[in-house]
Amino acid sequence: MEIVLKEKVKEAVKILYNSEVADDLIQIQETRKDFKGDFTLVVFPLLRYSKNTPEKTGETIGSYLVEKFPDIAGFNVIKGFLNLEISDVWWIEYFRRMTIEKSHLENSQVSDPETILVEYSSPNTNKPLHLGHIRNNLLGYSLFRILSACGHRVIKTNIVNDRGIHICKSMLAWQKFGNGETPASSGMKGDHLVGKYYVLFEKEYKAQIEKLIQAGTDENEAKNSAPLMKETREMLLKWEAGDKEVIDLWKKMNSWVYAGFDETYKKLGVDFDKIYYESDTYKTGKEIVLSALKKDILYRNEDSSIWADLTYDGLDQKLLLRSDGTAVYMTQDLGTAVARYNEYKFDKNIYVVGNEQNYHFQVLRAILNRMGYTWSDGLIHFSYGMVELPEGRMKSREGTIVDADDLIKEMQETAMEVSLELGKLSDFSEEEKEDVFRKIGLGALKYYILKVDPRKNMTFNPAESIDFNGNTGPFIQYTYARIKSVFRKAEQTGILTETGSLNEAKAGIKEIELIKLLRKYSETVSQAATDYSPALIANYCYDLSREYNQFYHDYSILGEDDTAVRNFRLVLSKVTSEILYEGMWLLGIEMPERM
RNA sequence: GGUUCCGUAGCUCAGUUGGAUAGAGCAACAGCCUUCUAAGCUGUGGGUCGUGAGUUCGAGUCUCACCGGAAUCACCA
């Protein structure tokens, strides 16, 4: 419609003022709600052709359009804005075509599908997942669904940080203080059990440092010479040398952690197509670095550490291999990137990683580019903001980490309380109830996180539980459940919904508003895909729910006597429910049929 | 200190390539269940869009300076 209007305006200016207008001077936008009309032409840019006041110009163009274009039912001019009113017939016909589309996302399909890797989650094997990971996982998974829905081939990957000195810490602590404790013997989830020993290590280590300092050792020396740290370093050496006992322990504890992670991932509803382990990719990284050194792309320092000089790119010197030849974080990431490209020949590799690593990814790209990997342009750091508490960052030392499993559990319990209080599910079995509570609790959590612009830092207040009213997941789920309820009732009374024939229907204001909003769905999804912003879809679903609830409140659907109008409202409800379901699905949020 | 990002109602957040009188929700207050689910709907109050300049017909949006906050600048990951 906008395109047609543009053409018409162009034609109008040509005939009325005898001038050719550049396309970008014709600005058509949706009319703001407080004004009468559907589309608005901003006339300011056209004044140079009309040589007249904004009001007069608007009037002239408006009259011309109404006369020549039957779909325009009327117009009004306010200041420099020409508001065009489109006939209800046009809107209804537009909507009718929507109902016979195969998919509501036909217009969102990209003309040139790409192979896209989305890396997300990236956990560390000595800590359970926390709120920050939840944001990461939800964003990554939603991005996968959105990009896939637009026609791309998307591969979900995860890179597990399973090697390095920090991993040895929890291993050592378990060995020394664990007394053979296992997830089975303790009843603890594997990742939490390992996390417990990591914390224990830090505690004991700290005590040893204190002791040494009191005995007169200086702080740095104490940190280095504490017995626990010495043993950890020995263990790392053994690990790198492939010592059987250490490797076995490592494997055993890893298996506990992975079982724990799997449980959390499952609860969150996310999964992966391919998991990479840093314990594998660091080797590839080393090889790449050494071969680049041979080509003089990198240089070797006196102490035989290897560096990249990125001052040309406005960056700094970056260490790639330590003087003892071991790998650093960057080495691993280089290896991972190359391994992935070799495996998938991706067009894009999207890293869902927090904005604290902006510099890291800048450097990663620069180095790969320097090494001659042309595909490095396809590496995209999807840099999302931190989740903060009202008092600032989560700190493990202060015990303010919000644990993922705890939070999910809490949300489900809250959902249960609210739901039982309302008492609408009394005829459900316990299993069915549990399923609904799960959907609602997780829906609330996921929506709460995804509705915020991913790039921005967000605040989470653990003291105030996440809401179930207003701009929330349950609100949208509720709207959906209501529509479903209408259709259940319709079925009982034998009322059918016919999508093909809407010609007889008359539409009220709310109905036209709904059609306008439904029309924006595919555009919103496209935008979300290009901007990497699930939040756009979340907020769209909210707007749509609000609009529908107003419609639902103001109009009777099944009680309407005029069958054509009743059918029209039913079809409108049906399409709304489909789009809400799909939109939320793109966010990874499930919709209960009743709640 | 360098670089990057952020600052919108008491709180949490929206605000398309610059467009009209800056919007929601929460919290507060006041209404609406004999009718399709009240997790809903309607209304009231609440703002110097961090501050100041500039660009322009027009700035929350673009530019610059300043104020405030965050991240980062490791032979940690």
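Note: hydrogens, waters and symmetry copies are ignored here, and every other heavy atom, side chains too, is used. Per chain, numbering begins at 1; letters A, B, ... match sequence-line order.
Stacking is not found between A/F475 and the pyrimidine-like six-membered ring of the B/G40 base under the 5.5 Å centre-distance and 30° plane-angle cut-offs. In this structure, A/F81 does not count as stacked on the base of B/G19 under the 5.5 Å centre distance and 30° plane angle limits. You cannot call A/Y478 stacked on the base of B/G40; the centres under 5.5 Å and planes under 30° rule is not satisfied.
A/Y282 carries A/R163 over the face of its six-membered ring, with the cationic atom under 6.0 Å from the centre and within 45° of the normal.
Every pair passing salt bridge (Lys or Arg N to Asp or Glu O under 4.0 Å) that includes a residue from residues 551-560 of chain A is listed here, sequence neighbours excluded: A/E560-A/R569. Applying the salt bridge (Lys or Arg N to Asp or Glu O under 4.0 Å) test to every pair with at least one member in residues 380-396 of chain A, sequence neighbours left out, gives these pairs: A/E356-A/R393. Applying the salt bridge (Lys or Arg N to Asp or Glu O under 4.0 Å) test to pairs two or more places apart or on separate chains, none has a residue in residues 488-497 of chain A.
Scanning for side chain to side chain contact (heavy atoms under 4.5 Å, CB included) contacts around A/R482 gives A/Y478, A/N549, A/Y552, with sequence neighbours left out. Contacts of A/E432 classified as salt bridge (charged side-chain N to carboxylate O under 4.0 Å, His left out), with partners at least two apart in sequence or in another chain: none. For A/D23, the salt bridge (charged side-chain N to carboxylate O under 4.0 Å, His left out) criterion is met by A/K10, not counting sequence neighbours. Under the salt bridge (charged side-chain N to carboxylate O under 4.0 Å, His left out) criterion, A/K433 pairs with A/E430, sequence neighbours left out.
Counting to the nearest Å, the C1' atom of B/A14 and the CD1 atom of A/I537 are 16 Å from each other. We find that CD of A/Q357 is positioned 14 Å from C1' of B/U4, with the value rounded to whole Å. Atom CG in A/L517 sits about 14 Å away from atom C1' in B/A24, given to the nearest Å.
The residue A/T40 sits close to a base: some heavy atom pair falls under 4.0 Å. Using a 4.0 Å heavy-atom distance criterion, A/D333 is classed as making no nucleic acid contact. Among the heavy atoms of the strands lying under 4.0 Å from A/S419 is at least one base atom, whether or not backbone atoms are also near. In this structure, A/Q477 reaches neither bases nor backbone, as no heavy-atom distance under 4.0 Å exists between it and the strands shown. Heavy atoms of A/Y359 sit under 4.0 angstrom from primed sugar atoms or phosphate atoms, though from no base atom. Among the heavy atoms of the strands lying under 4.0 Å from A/V328 are primed sugar atoms or P, OP1, OP2 only; no base atom is included. Residue contacts shown for A/I440 include a base, since a base heavy atom lies under 4.0 Å away.
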Listed pairs, N/O of protein and of nucleotides 31-36 of chain B, under 3.5 Å:
{"unit_1": "B/C36", "atom_1": "O2", "unit_2": "A/I557", "atom_2": "N", "d": "3.3"}
{"unit_1": "B/C36", "atom_1": "O2", "unit_2": "A/L558", "atom_2": "N", "d": "3.0"}
{"unit_1": "B/C36", "atom_1": "N3", "unit_2": "A/I557", "atom_2": "N", "d": "3.0"}
{"unit_1": "B/C36", "atom_1": "N4", "unit_2": "A/Y552", "atom_2": "O", "d": "2.5"}
{"unit_1": "B/C36", "atom_1": "N4", "unit_2": "A/Y555", "atom_2": "O", "d": "2.3"}

Using a cut-off of under 3.5 Å, enumerate the N/O to N/O pairs linking the protein to nucleotides 43-45 of chain B.
none

(message) Reading 5' to 3' and counting Watson-Crick or G-U wobble pairs with both distances under 3.5 Å, write the dot-bracket notation for RNA chain B, | for bases paired outside the strand.
(response) (((((((..((((.....[...)))).(((((.......))))).....(((((..]....))))))))))))....
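Taking the C1' atoms as reference points, B/U16 lies 15 Å from B/C62, given to the whole Å.
Taking 4.0 angstrom as the limit, A/R322 places a side-chain polar atom (N or O) nearer than this to OP1 or OP2 of B/A77.
Ion pairing of A/K574 with A/E578 is present here, as a side-chain N (NZ or NE/NH1/NH2) and a carboxylate O approach within less than 4.0 Å.
Side-chain to base pairing of A/N549 with B/A38: no donor and acceptor N or O lie closer than 3.5 Å to each other.
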Show me the donor-acceptor pairs within less than 3.5 Å that the side chains of residues 419-428 of chain A make with the rest of the protein, sequence neighbours left out.
{"unit_1": "A/D427", "atom_1": "OD1", "unit_2": "A/R594", "atom_2": "NH2", "d": "3.0"}
{"unit_1": "A/D427", "atom_1": "OD2", "unit_2": "A/R594", "atom_2": "NH1", "d": "3.2"}

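Contact check of residues 449-467 of chain A against RNA chain B (heavy atom, cut-off under 4.0 Å) returns A/V452, A/D453, A/K456, A/N457, A/M458, A/T459, A/D467.
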